[in-house]
Number of protein chains: 2
Amino acid sequence: MSDESLTIGEVSERTGLGIHTLRYYERQGLLLGSVGRSSGGQRRYSAFDVEWLQLCNRFRACGMPLSDIRRYAELVAAGPGNEQQRLELLRTHEIRVRAELAQMTENLAVIEAKARLYAEHVESGTAGTLWTGQTPTCLALEAMANRDS
Amino acid sequence: MSDESLTIGEVSERTGLGIHTLRYYERQGLLLGSVGRSSGGQRRYSAFDVEWLQLCNRFRACGMPLSDIRRYAELVAAGPGNEQQRLELLRTHEIRVRAELAQMTENLAVIEAKARLYAEHVESGTAGTLWTGQTPTCLALEAMANRDS
DNA sequence: CTACGATCTAGACCTCGGTCTAGGTCAAGA
DNA sequence: TCTTGACCTAGACCGAGGTCTAGATCGTAG
């Protein structure tokens, strides 16, 4: 636990990324430049490396592919002057995520409606009746599916 | 475009799933029982198969793994009597998706804040100043990262 | 009847994002 | 000094979810 630099194990704890994954990310060019090394060749991460990795975690957590993170890292590592491109990358991702969120929300609603129907009938013990005659919309599919099973 | 059954190509169009994927899903046990066949051995899908596949698409679109869909399909194919288990599966998925949505939303907010900061400075042409002295929180990371590149 | 496009099966191959192994080196405490 | 646990590299391997190929058959329009 030195004051200025962290070992890969310490960074692993702080970021939640496995040791293997940290090395993998570095190989993939996700870090800003190259990580520092001890005289003996072991990685010594700075506080900034850790912050960056935490940002990477956020990117990953909303589905940004490693290739995009690499691209962003390259832009940042290249220094001032390409803010426009960074912004564009972020915006593009933002749009993609928004669309995905909308999609998921919509589909989740359908699934919840289905669950609600099941719940009502399971609770009232009338589930069996769902399959005897005309079937309600949301379960029609599963009901009819049993036509010839 | 026969009245009662569809070829794999027609189903591919209607579901957006590739022909290869449709066969793959069947191999993986995602369909309810087995798809009908023509006398010559070609698949003939029913309207219910198509509806089911569309439901599968919804499941997939909110991240349900194929193994869960297979499990659900097995329950449905087994007929009435297991509504409780179907419900449980749906609820579990629902919870997982809600958590994921919350996570994504939170992380997206951070990314948007970052983008906003970039946007302000790119628009006002003061981006360069971000790197000259003390740096604002959200960009500190990228700024400092250029310390020794 | 023939042609030609659509399907068939089995199985190889692919991308993504890790994860682990083998064989060796580093570093800190007793 | 010795030991022990953390670390190193190169490269194999994994699981999820497809995607494609080869070589053969189906089925329909002409």
Side-chain angles (χ1 to χ4, degrees), chain A residues 1-31 34-46 49-50 53 55-73 93 96 100, chain B residues 1-31 34-46 49-50 53 56-73 93 96 100 103-104 107:
Chain A
M1 198 203 282
S2 63
D3 205 26
E4 258 305 315
S5 68
L6 300 166
T7 68
I8 197 169
E10 291 163 336
V11 172
S12 174
E13 276 176 17
R14 279 163 181 69
T15 60
L17 293 163
I19 288 176
H20 297 300
T21 305
L22 286 169
R23 293 198 275 247
Y24 172 68
Y25 278 11
E26 188 179 344
R27 276 203 301 284
Q28 295 304 305
L30 265 54
L31 299 187
S34 46
V35 176
R37 298 288 177 142
S38 74
S39 55
Q42 300 194 351
R43 288 173 182 79
R44 290 299 126 100
Y45 293 82
S46 70
D49 292 324
V50 174
L53 285 165
L55 178 61
C56 288
N57 273 340
R58 287 191 186 279
F59 283 151
R60 289 293 301 129
C62 51
M64 189 184 285
L66 296 191
S67 56
D68 283 7
I69 301 181
R70 171 168 48 237
R71 174 115 185 80
Y72 189 74
H93 180 60
R96 194 148 30 81
E100 201 177 325
Chain B
M1 200 205 282
S2 64
D3 205 25
E4 259 306 314
S5 68
L6 301 165
T7 68
I8 198 170
E10 290 163 336
V11 172
S12 174
E13 275 177 17
R14 279 164 180 69
T15 61
L17 294 163
I19 287 177
H20 297 299
T21 304
L22 285 170
R23 293 198 275 246
Y24 172 67
Y25 277 10
E26 188 179 343
R27 275 203 301 284
Q28 295 303 306
L30 266 54
L31 299 188
S34 47
V35 175
R37 299 286 177 143
S38 72
S39 54
Q42 299 194 350
R43 288 172 182 80
R44 289 300 125 100
Y45 292 82
S46 70
D49 292 323
V50 174
L53 284 165
C56 288
N57 272 341
R58 286 191 188 279
F59 283 149
R60 290 294 300 129
C62 51
M64 188 184 285
L66 297 191
S67 56
D68 283 7
I69 301 181
R70 171 167 48 236
R71 173 114 185 82
Y72 190 73
H93 180 60
R96 193 148 32 81
E100 200 177 326
Q103 258 283 300
M104 286 180 74
N107 288 319

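Chain naming here is simple, since letters A, B, ... match the order of the sequence lines and numbering starts at 1 in each. Any value given below was found using the heavy atoms of this structure, including those in side chains, with hydrogens, waters and symmetry copies removed.
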Value for CD1 (A/Ile69) from CG (A/Leu31), rounded to nearest 0.5 Å, stands at 10.5 Å
Considering just the side-chain nitrogens and oxygens of B/Arg23, establish if one lies under 4.0 Å of OP1 or OP2 belonging to D/dG18. no
Tell me which nucleotide among D/dG17, C/dC8, C/dG17 gets nearest to the side chain of B/Arg43. C/dC8
Is the shortest side-chain N/O distance from A/Thr7 to OP1 or OP2 of D/dC7 below 4.0 Å? yes
Regarding the side chain of A/Ile19, the nearest nucleotide among D/dC7, D/dC20, D/dG18 is D/dC7
Check every atom of C/dG18, D/dG18, D/dT21 against the side chain of B/Tyr24 and return the nucleotide holding the closest atom. D/dG18
More than 12 heavy atoms from other groups under 6.0 Å of CZ on B/Arg58: yes
Taking only N and O in the side chain of A/Tyr25, is any of them less than 4.0 Å away from OP1 or OP2 of C/dG18? yes
On DNA chain C, more 5' by nearest nucleotide between A/Thr21 and A/Gly40 is A/Thr21
B/Glu10 CD to C/dA6 P, in whole Å, measures 11 Å
Give a yes or no on this: more than 12 heavy atoms of other residues, nucleotides or ligands lie within 6.0 Å of atom CZ of B/Arg60. yes
Proximity to the side chain of A/Arg27 - top-ranked nucleotide from C/dT7, C/dG17, D/dG11: D/dG11
Among D/dC8, C/dT7, D/dG17, which is the nearest nucleotide to the side chain of A/Gln42? D/dC8
When you compare the side chain of B/Tyr24 with that of B/Leu66, does any pair of heavy atoms fall below 4.5 Å? yes
Atom NE2 of A/His20 and atom P of D/dA12 are separated, to the nearest Å, by 16 Å
Side chain of A/Ile8 (C-beta onward), nearest among C/dC20, D/dC7, C/dC8: D/dC7
With DNA chain D as reference, determine whether B/Leu66 or B/Gly41 sits nearer its 5' end, using the nearest nucleotide of each. B/Leu66
Name the closest nucleotide to the B/Arg37 side chain, picking from C/dT7, C/dT9, D/dG17. C/dT9
Sugar-phosphate only, base, or nothing, as touched by B/Ser67 at under 4.0 Å among non-hydrogen atoms: nothing
Minimum-distance nucleotide to A/Ser38 side chain [options: D/dC7, D/dG27, C/dA27]: C/dA27
In plain terms, say whether A/Arg43 and A/Asp49 are close enough for a salt bridge, that is, a side-chain N and a carboxylate O under 4.0 Å apart. no
Proximal nucleotide (of C/dA27, D/dT9, C/dG17) relative to the A/Pro65 side chain: C/dG17
